[in-house]
Amino acid sequence: MLKGMSEKSAGVIVVGSINVDLIVGVSRLPGPGETVLGRRFVQQNGGKSANQAAAAARVGAPVTMLGAVGDDDLGRSALAGLAEAGVDVTRCRTIEGTHTGLALIVVDDGGENQIAVASGANALLDGAMIEAATASLQAPPGSVCLIGFEVYDEAVVAAARWAAREGLRIVINPAPARQIPAELYDYGPILTPNRTEAEMLSGESEPAVAARVLAARTGAPVIVTLGGEGALLFEAGEAIGLSTLAVEPVDTTGAGDALNGILAAELARGAGLREALRWAMAGASMKTTVAGAQAGLPDREAIAARLA
C-alpha cells in the first residue's frame, strides 16, 4: 500500500529523474559559442520526474517516487526536498560512487530557457532497481503511474510493465524525446509530448497530425503541449485545442512538469481526461509566474480559484 493512503484512495507513482538545478538568470539566451553575463544564480531541487512528483503532491495526491540519487549532499538535499513536499521517497535508491543528476539552466528575462543535464545517478537506474522498488508496492485501484524519459529504457519499460500488471493507468512524458520502446505501446499509455517532441516521435510537424499518428500506435489518447498556446488533446479520433490561462511568465522551467504531475493527480482523483487536463494547464500556467522548477507550484485551492 502506498504511504499515507487508505485502502480506497488512489495515488500517483512517479518513475524517473531526480536532479539539482543550477539556474543563471540572463537578459537574453546565448547563441552558439557566445558568453552572456548573468545577474543572478539560484540552486534548487529539480529533475523532470521529481518536479512532477512535487506538483502532484502539492495538489493533494498521495505520491510515491521511484528514482535514484548519488551518495552526495545534493542527493540528500533533493530527497529531503521531495519529502518536505509530501512525496514518499523511501523507495528511491542512493547509488554509491556517482553524483546526483545536475541540470544547468539559463533563463532569460522573458522566461524562456536553455537546459543541459548531467544525468549522474539517473543514468544508473535500471530495471532491476525498479523491480526491487515495486516488489512490495501495492497501489490502490485508480492509481496512476507517471513515467519520464530522463532515465533509460530499461527502467522505463520495467515501470510500465509493473504498472500494466497492476492495472494502473499509465502516463508517459517522453521528454527528452527518443524512440519509444515497442513494448510500451502494448500498455496503452497516455503520451504527453510537447510540440517538438511530438514531431520527433511521429515525423509530423503539425501537432494534430502528430497526435493522430502517436494515438494509432498506443490506442490511447495523446496530449501535445503547446506552451503559451495551450495544449491539444487527441481522443477518440478527435483533436481538441485547449487554451491556457493568461499570465505574465517569469520562468517557464518546470511548467511542463507541473502539467504532467497535476494531470496524473487529477486522473487519480477520478477526473475525466479533459477535465484533468484543464486543471493541469491552469496549474502549469500559474507555475510560470515564479522562478524555479519546484518553486511556486500551486495547490489545488489556488487552481480552483483561477478556474472559478
Side-chain angles (χ1 to χ4, degrees), residues 1-3 5 9-18 47-53 56 61-69 87-95 101 119 121-193 197 200-202 213-223 257 260-261 263-265 267-268 273 276:
M1 188 67 63
L2 297 180
K3 184 178 180 181
M5 287 188 175
S9 58
V12 179
I13 302 90
V14 181
V15 183
S17 60
I18 303 171
K48 294 186 71 63
S49 292
N51 296 341
Q52 292 166 12
V63 181
T64 293
M65 179 81 206
L66 307 182
V69 297
V87 178
D88 178 9
V89 296
T90 58
R91 294 175 185 271
C92 290
R93 179 71 67 91
T94 297
I95 302 176
S119 295
N122 295 313
L124 301 179
L125 185 69
D126 60 20
M129 292 180 190
I130 296 299
E131 289 171 3
T134 57
S136 60
L137 181 54
Q138 297 179 348
S143 294
V144 175
C145 185
L146 174 57
I147 305 171
F149 265 27
E150 282 189 326
V151 295
Y152 288 134
D153 286 355
E154 187 180 346
V156 169
V157 171
R161 187 180 296 143
W162 167 79
R165 187 170 63 245
E166 294 294 312
L168 307 186
R169 198 165 195 176
I170 301 171
V171 178
I172 294 179
N173 180 222
R178 63 176 183 264
Q179 183 175 356
I180 296 177
E183 181 178 343
L184 293 185
Y185 292 129
D186 296 337
Y187 302 136
I190 298 171
L191 299 179
T192 62
E197 293 154 358
M200 293 178 66
L201 293 169
S202 69
V213 169
L214 294 174
R217 297 175 186 171
T218 62
V222 173
I223 295 167
D257 301 334
N260 277 274
L263 175 74
L267 290 174
L273 182 56

So, for [X] and [Y], which heavy atoms are closest and what is the spacing to 0.1 Å?
X: Ala61; Y: Ala265; value: CB-CB, 3.7 Å
X: Gly16; Y: Ser49; value: CA-OG, 3.2 Å
X: Ile170; Y: Ala160; value: CD1-O, 3.6 Å
X: Ile18; Y: Cys92; value: CD1-SG, 3.9 Å
X: Asp257; Y: Gln52; value: O-CG, 3.2 Å
X: Val222; Y: Pro193; value: CG1-CD, 4.3 Å

Report the residues that fulfil side-chain contact (heavy atoms from CB on, under 4.5 Å) with Ile95, sequence neighbours left out, ordered by chain and then residue number.
->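 With neighbours one apart ignored, the set is Ala68, Arg93, Thr98, Ala121, Leu124, Met129.
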Partner residues of Tyr152 under the side-chain contact (heavy atoms from CB on, under 4.5 Å) criterion, sequence neighbours left out |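 Applying side-chain contact (heavy atoms from CB on, under 4.5 Å) to Tyr152 gives Ala123.
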[atom1]/[X] to [atom2]/[Y] distance, rounded to the nearest 0.5 angstrom?
X: Leu168; Y: Ile13; atom1: CG; atom2: CD1; value: 5.5 Å
X: Glu166; Y: Gln138; atom1: CD; atom2: CD; value: 7.0 Å
X: Ile180; Y: Asp153; atom1: CD1; atom2: CG; value: 9.5 Å
X: Thr90; Y: Met65; atom1: OG1; atom2: CE; value: 12.5 Å

Say whether, by atom type as modelled, one donor and one acceptor occur between the side chain of [X] and the main chain of [Y] under 3.5 angstrom.
X: Asn173; Y: Thr192; result: yes
X: Asn122; Y: Ser119; result: yes
X: Ser143; Y: Gly11; result: yes
X: Glu150; Y: Ser17; result: no
X: Glu197; Y: Ala175; result: no

Is the NZ or CZ atom of Arg161 positioned over Tyr187's six-membered ring, under 6.0 angstrom from the centre and within 45° of the axis?
->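 Negative - Arg161 is either too far from the ring of Tyr187 or too far off its axis.
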Leu184/Val156 under side-chain contact (heavy atoms from CB on, under 4.5 Å): CA gap, chis, key distance, verdict | CA-CA 9 Å; Leu184 293 185; Val156 169; 3.6 Å; yes
Chi angles and distances behind the side-chain contact (heavy atoms from CB on, under 4.5 Å) call for Val144, Val171 | CA-CA 7 Å; Val144 175; Val171 178; 3.9 Å; yes
Please step through side-chain contact (heavy atoms from CB on, under 4.5 Å) for the pair Ile172 and Ile190, ending with a clear verdict.
-> CA-CA 6 Å; Ile172 294 179; Ile190 298 171; over 6 Å; no
Check step by step if side-chain contact (heavy atoms from CB on, under 4.5 Å) holds for Glu131 and Trp162.
-> CA-CA 8 Å; Glu131 289 171 3; Trp162 167 79; over 6 Å; no
Pick one: which of Thr134, Thr64, Ile130 meets side chain to side chain contact (heavy atoms under 4.5 Å, CB included) with Arg91?
->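 So, applying the side chain to side chain contact (heavy atoms under 4.5 Å, CB included) to Arg91 and each of Thr134, Thr64, Ile130, only Thr64 qualifies.
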Residue of the set Val14, Val15, Ile147 for which side chain to side chain contact (heavy atoms under 4.5 Å, CB included) holds with Leu66 |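 Among Val14, Val15, Ile147, the one that satisfies the side chain to side chain contact (heavy atoms under 4.5 Å, CB included) with Leu66 is Val15.
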